J.: 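Dumping the structure here so I can ask a few things about it.
Each residue takes its place number in the sequence, starting with 1. Since this is a predicted model, take the numbers as computed values, not measurements.
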Amino acid sequence: MNENNIILKAVLITHSHSDHTDLAERFAESRDVSIFMSSTEIDTYKIILMNLKRVEHQKKIVLGDFVVTPLITPGHTMGSTCYLIENNLFSGDTAFIEGVGICHPNDTEKLYLSIQFLKLKLAETTMFWPGHSFGKSPGKELSYLLRNNVYFQLEKKNILLNSEIGK
Ligand SMILES: [Fe+2]
């Protein structure tokens, strides 16, 4: 960031798992910026962080020159959030290029509905930037996921609910 003169305006947290949050507080403090996380995630998992601010489903926030639309997509965690910035979706562990984030058996329907929501909400040219990569490079369009990610191809939720992977 220093080398490229990038000025940090905020830290956006997709969900509360430690591999996504461990350094957030120190990082935000060093740059004197706020940390954003969904209200559902904060309340469900009792998250306490310095300078923590809440985001709500589809309630836009403005950070510097960017308009950020939080999309709450439960499944991987109760308040998992994707952040849509212009044509880019930062999808955390909700959706990877290759699949979706692991979820509790009781939450498979939530995850299914979240993926259906993303399919309806987003343009096919939306670029996906997931929290992890399992072989494929991040930065693929939704149209690519619709062709290659089986979880984006499911149209009936009982298929996911009955599948081994879904369990
Ligand atoms: Fe996670």
Side-chain angles (χ1 to χ4, degrees), residues 1-108 110-115 117-118 122 126-140 142 145 149 151-152 165-167:
M1 290 178 68
N2 289 340
E3 284 172 13
N4 292 290
N5 296 319
I6 293 170
I7 299 167
L8 189 73
K9 294 289 185 182
V11 174
L12 304 177
I13 301 283
T14 56
H15 64 293
S16 57
H17 287 164
S18 60
D19 57 328
H20 294 256
T21 57
D22 271 356
L23 293 174
E25 201 167 38
R26 202 190 309 171
F27 192 41
E29 194 179 7
S30 72
R31 308 280 172 146
D32 195 25
V33 298
S34 298
I35 300 170
F36 290 82
M37 189 185 290
S38 76
S39 282
T40 307
E41 195 76 354
I42 292 170
D43 294 338
T44 304
Y45 304 106
K46 315 275 183 254
I47 304 300
I48 299 170
L49 293 169
M50 275 177 53
N51 294 330
L52 183 60
K53 291 188 174 164
R54 292 164 175 265
V55 297
E56 311 296 339
H57 186 50
Q58 303 209 66
K59 209 166 168 189
K60 294 179 192 325
I61 55 174
V62 177
L63 299 170
D65 295 335
F66 296 105
V67 176
V68 180
T69 307
L71 304 174
I72 313 297
T73 51
H76 180 65
T77 64
M78 292 304 286
S80 275
T81 305
C82 298
Y83 292 99
L84 182 64
I85 305 175
E86 296 176 343
N87 194 41
N88 300 286
L89 187 80
F90 297 88
S91 60
D93 288 1
T94 293
F96 306 127
I97 303 300
E98 306 88 344
V100 292
I102 193 168
C103 72
H104 188 278
N106 294 343
D107 296 330
T108 31
K110 290 188 186 72
L111 185 58
Y112 169 82
L113 293 172
S114 291
I115 299 301
F117 168 73
L118 292 176
L122 302 172
T126 305
M127 301 287 280
F128 272 65
W129 303 96
H132 301 278
S133 172
F134 297 94
K136 300 222 166 89
S137 303
K140 297 269 193 295
L142 173 57
L145 274 73
N149 183 328
Y151 295 93
F152 280 72
I165 298 171
K167 287 179 178 176

J.: Report yes or no: does Y151 contribute a side-chain atom to a donor-acceptor pair with the main-chain N or O of F96 at less than 3.5 Å?
T.: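 Absent.
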J.: For a side chain to side chain contact (heavy atoms under 4.5 Å, CB included) check, start with the C-alpha distance between L71 and L118, then their side-chain angles and the critical distance, and finish with the verdict.
T.: CA-CA 9 Å; L71 304 174; L118 292 176; 4.1 Å; yes
J.: Nearest 0.5 angstrom please: C82 SG to D93 CG, how far?
T.: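 Reported to 0.5 Å precision, the distance equals 10.0 Å.
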J.: Measure across G75 and D107 and return the closest heavy-atom pair with its distance rounded to 0.1 Å.
T.: O-CB, 3.6 Å
J.: So, do M1 and R31 sit near enough that their side-chain heavy atoms are less than 4.5 Å apart?
T.: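 Yes. Closest side-chain heavy atoms under 4.5 Å.
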J.: Using the side chain to side chain contact (heavy atoms under 4.5 Å, CB included) definition, which of the options P70, P74, S91 pairs with T81?
T.: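 Running side chain to side chain contact (heavy atoms under 4.5 Å, CB included) over P70, P74, S91 with T81 returns exactly one hit, P70.
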J.: State, with a plain yes or no, whether a side-chain heavy atom of C103 is found less than 4.5 Å away from one of K110.
T.: no
J.: What do you reckon, is CG of N106 surrounded by more than 12 foreign heavy atoms closer than 6.0 Å?
T.: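 Correct, the count exceeds 12.
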J.: Quick check: are there more than 12 heavy atoms from other residues, nucleotides or ligands sitting under 6.0 Å from CG of L8?
T.: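 More than 12 heavy atoms, drawn from other residues, nucleotides or ligands, come within 6.0 Å of this atom.
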J.: Hey, are the side chains of F134 and H132 touching, using non-hydrogen atoms and a 4.5 Å cut-off?
T.: yes
J.: Say you draw a straight line from CD1 of I102 to OG1 of T108; how long is it, rounded to the nearest 0.5 Å?
T.: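 Going from the CD1 atom of I102 to the OG1 atom of T108 covers 12.0 Å.
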J.: Start with the C-alpha gap between V68 and K60, add the side-chain angles, then the distance that decides, and say whether side chain to side chain contact (heavy atoms under 4.5 Å, CB included) holds.
T.: CA-CA 6 Å; V68 180; K60 294 179 192 325; over 6 Å; no
J.: Any chance you could lay out the side chain to side chain contact (heavy atoms under 4.5 Å, CB included) test for T14 and T94, step after step, and finish with the verdict?
T.: CA-CA 9 Å; T14 56; T94 293; over 6 Å; no
J.: Taking N149's backbone N and O only, do any of them form a donor-acceptor pair with E98's side chain (distance below 3.5 Å, no angle check)?
T.: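 No, the answer is negative, given that no donor and acceptor are paired below the 3.5 Å cut-off.
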J.: What I'd like to find out is whether the side chain of M78 reaches to under 4.5 Å of the side chain of H15, using heavy atoms alone.
T.: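 SC-SC contact between M78 and H15 ruled out.
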J.: Search all heavy atoms of L111 against all heavy atoms of G101 and return the closest pair with its distance.
T.: CD2-O, 3.5 Å
J.: Can any side-chain N or O of T126 pair as donor or acceptor with the backbone N or O of L122 at less than 3.5 Å?
T.: no
J.: Tell me, do I97 and L145 make a side-chain contact under 4.5 Å, heavy atoms counted?
T.: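 Counting from C-beta outward, I97 and L145 do come under 4.5 Å.
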J.: Mind checking whether M127 and K140 have side chains closer than 4.5 Å, heavy atoms only?
T.: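 No. Closest side-chain heavy atoms not under 4.5 Å.
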J.: What is the distance from atom CD of E86 to atom CG of D65, rounded to the nearest 0.5 Å?
T.: 9.0 Å
J.: Mind listing the closest non-hydrogen atom pair of F36 and Y83 along with its distance?
T.: O-OH, 3.4 Å
J.: Hey, what's the ring geometry for F117 with H57, parallel, tilted or perpendicular (30° and 60° as the breaks)?
T.: tilted
J.: Which heavy atom in F128 sits nearest to a heavy atom in A95, and how many Å separate them?
T.: CE2-CB, 4.1 Å
J.: Would you check if R54 and E56 make a side-chain contact, meaning some heavy-atom pair closer than 4.5 Å?
T.: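 Yes - at least one pair of side-chain heavy atoms lies under 4.5 Å apart.
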J.: Once you round to the nearest 0.5 Å, how far does CD1 of I13 lie from CG of L49?
T.: 7.0 Å
J.: Checking side-chain polar atoms at under 3.5 Å, does S18 have a donor or acceptor matched by the opposite partner on T21?
T.: no
J.: Quick check: H17 with Y45 (ring centres under 6.0 Å apart)?
T.: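 Distance test on ring centres: not under 6.0 Å, no.
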J.: So do the side chains of L52 and I42 get within less than 4.5 Å of each other, counting heavy atoms only?
T.: yes
J.: Regarding H76 and H104, is there a side-chain donor-to-acceptor distance under 3.5 Å anywhere?
T.: no
J.: Check whether the side chains of S114 and T73 place a donor and an acceptor atom closer than 3.5 Å, and report yes or no.
T.: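 Their side chains do not contain a donor-acceptor pair, so the 3.5 Å distance test is not met.
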J.: Looking only at the side chains, is there a donor atom on one of T77 and E41 sitting less than 3.5 Å from an acceptor on the other?
T.: yes
J.: How long is the span from the OG atom in S34 to the CG atom in N51, to the nearest 0.5 Å?
T.: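 Taking OG in S34 and CG in N51, the distance rounds to 5.0 Å.
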J.: Hey, could you give me the CD1/CZ distance between I35 and F27, rounded to the nearest 0.5 Å?
T.: 10.5 Å
J.: Evaluate the criterion side chain to side chain contact (heavy atoms under 4.5 Å, CB included) for residue pair L12 and F90; output intermediate values, then yes/no.
T.: CA-CA 9 Å; L12 304 177; F90 297 88; over 6 Å; no
J.: Using a cut-off of 6.0 Å, state whether more than 12 heavy atoms not belonging to I6 lie near its atom CD1.
T.: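 More than 12 heavy atoms, drawn from other residues, nucleotides or ligands, come within 6.0 Å of this atom.
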